[in-house]
Number of protein chains: 2
Amino acid sequence: MDDLTEMLKGTLEGCVLEIIRSEETYGYAITRRLNDLGFTDVVEGTVYAILLRLERNGLVQVTKRPSELGPPRKFYALNDAGREELTKFRTKWEYVSSRIDKLREGGE
Amino acid sequence: MDDLTEMLKGTLEGCVLEIIRSEETYGYAITRRLNDLGFTDVVEGTVYAILLRLERNGLVQVTKRPSELGPPRKFYALNDAGREELTKFRTKWEYVSSRIDKLREGGE
DNA sequence: CGTCCTACTCAGTGATACTATGTAGCAGTA
DNA sequence: TACTGCTACATAGTATCACTGAGTAGGACG
């Protein structure tokens with residue numbers, strides 16, 4: 001797939017919120033999950049930047065736990081503000097995608 | 001609706017391509033069309049910037065025609081490169097949106 | 001020791017949409 | 001004439017976001 005960078009702006013953070021919602025997890029695993037999902041070009045630096053932003057904005061609860069495979073992991077879980085932010089993201093996504101689909105149908 | 005700015009990055013240009021495909025038209029009318037569609041915060045300056053970029057990238061054919069209501073209008077039509085770009089946009093959109101939908105279903 | 005995978009951080013860059021402002025044509029009206 | 005409002009296009013500067021590239025570090029395994 002071509003470069004998706006621009007199209008992911010504003011949505012990649014939402015994807016990370018979705019992943020954290022489905023399971024308390026950490027940056028490295030989130031990156032792997034996104035790659036497996038098809039966002040193959042997303043690298044760790046990008047994900048960690050998003051996670052730091054989520055933390056700075058008070059949307060997640062962070063817990064540091066040791067790992068058997070390397071350095072300690074920072075596990076992320078959504079708090080109330082995070083769940084609210086995810087709801088907002090979903091609403092926006094529905095809004096935008098329904099309109100894009102409508103545009104595409106129009107004037108066939 | 002909240003601020004859609006970030007989510008429109010990478011997609012607004014595609015929307016403009018869709019509109020031009022459906023009908024040869026001009027900047028002011030494209031802005032109105034986007035507003036009517038639900039992208040109420042999109043303003044002329046944004047659309048004109050996109051149109052200039054499309055022109056610079058050789059994706060459109062431009063024809064200046066007088067208007068009965070004001071200054072002359074610059075009408076835009078897709079050329080072959082523009083149609084190809086639109087196809088690319090649609091492919092990317094399908095790719096991204098299918099994966100976002102999958103994420104949302106996962107771990108309900 | 002060296003290599004590899006895991007795991008996190010950060011400074012700098014590039015692309016895109018937005019803000020704010022300016023220019024200008026034409027119509028209606030007072 | 002003067003004013004207002006809608007049409008129509010353009011552009012310099014800003015903010016945000018994802019990406020690049022580099023660095024730090026722990027543990028396993030040869």
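Here is how names work: the chains are called A, B, and so on, in the same order as the sequence lines, proteins then strands, and each is numbered from 1. Note that these values count all heavy atoms, side chains included, but never hydrogens, waters or copies made by symmetry. Worth saying up front: this structure is predicted, and the values here are computed from it rather than measured.
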Hey, does the side chain of B:Tyr95 reach the backbone of A:Asp2 with a donor-acceptor pair shorter than 3.5 angstrom?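 A pair under 3.5 Å: no.
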
Taking the side chain from A:Arg99 and the backbone from B:Leu37, do they hold a donor-acceptor pair closer than 3.5 Å?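 Side chain of A:Arg99 to backbone of B:Leu37: a pair is present.
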
For [X] and [N], give me the distance from atom [atom1] to atom [atom2], rounded to whole Å.
X	N	atom1	atom2	answer
A:Leu4	D:dT20	CG	P	12 Å
B:Arg73	D:dC6	CZ	P	16 Å
B:Tyr26	D:dC9	OH	C1'	12 Å
A:Leu69	C:dA7	CG	P	5 Å
A:Arg53	D:dA15	CZ	C1'	12 Å
A:Lys64	C:dT6	NZ	C1'	14 Å
B:Lys9	C:dG14	NZ	P	16 Å
A:Leu54	D:dC17	CG	P	11 Å

Looking only at the side chain of [X] (C-beta and beyond, no hydrogens), which of the listed nucleotides [options] gets closest?
X	options	answer
A:Ser67	C:dG25, D:dA18, C:dT6	C:dT6
A:Tyr28	D:dT20, C:dC8, C:dC18	C:dC8
A:Leu52	C:dT6, C:dC10, D:dT16	C:dC10

OP1 or OP2 of D:dA10 versus the side-chain N and O atoms of B:Tyr48: is any pair under 4.0 Å?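 Negative; the distance criterion is not met.
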
So which atom in A:Arg21 and which in B:Arg104 form the shortest heavy-atom distance, rounded to 0.1 Å?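 Heavy-atom minimum between the residues: NH2-O, 3.7 Å.
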
Nearest heavy atom decides the nucleotide; on that basis, is A:Thr5 or B:Glu68 closer to the 5' end of DNA chain C?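 Looking at DNA chain C, the more 5' nearest nucleotide goes with A:Thr5.
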
Which sits closer to the 5' end of DNA chain C, B:Asp41 or A:Ala49, going by the nucleotide each is nearest to?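 The 5'-side residue here is A:Ala49.
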
Around atom CD of B:Gln61, are there more than 12 heavy atoms from other residues, nucleotides or ligands closer than 6.0 Å?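 12 or below, so no.
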
Describe the nucleic acid contact of B:Gly45 in one word from base, sugar-phosphate, nothing, applying a heavy-atom distance below 4.0 Å.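 The answer is base, as B:Gly45 lies within the cut-off (heavy atoms under 4.0 Å) of a base atom.
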
At under 4.0 Å between heavy atoms, what does B:Ile50 touch on the DNA or RNA strands: base, sugar-phosphate, or nothing?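 Sugar-phosphate: the residue B:Ile50, judged by heavy atoms under 4.0 Å, touches backbone atoms but no base.
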
Shared hydrophobic cluster, B:Leu52 / B:Tyr28 (ILVMFWY, side-chain heavy atoms < 4.5 Å):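 No; B:Tyr28 is not reachable from B:Leu52 via cluster members.
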
Taking for each residue the nucleotide of DNA chain D bearing the nearest heavy atom, is the 5' side occupied by B:Glu6 or by A:Glu44?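 Nearest nucleotide further toward 5': that of B:Glu6.
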
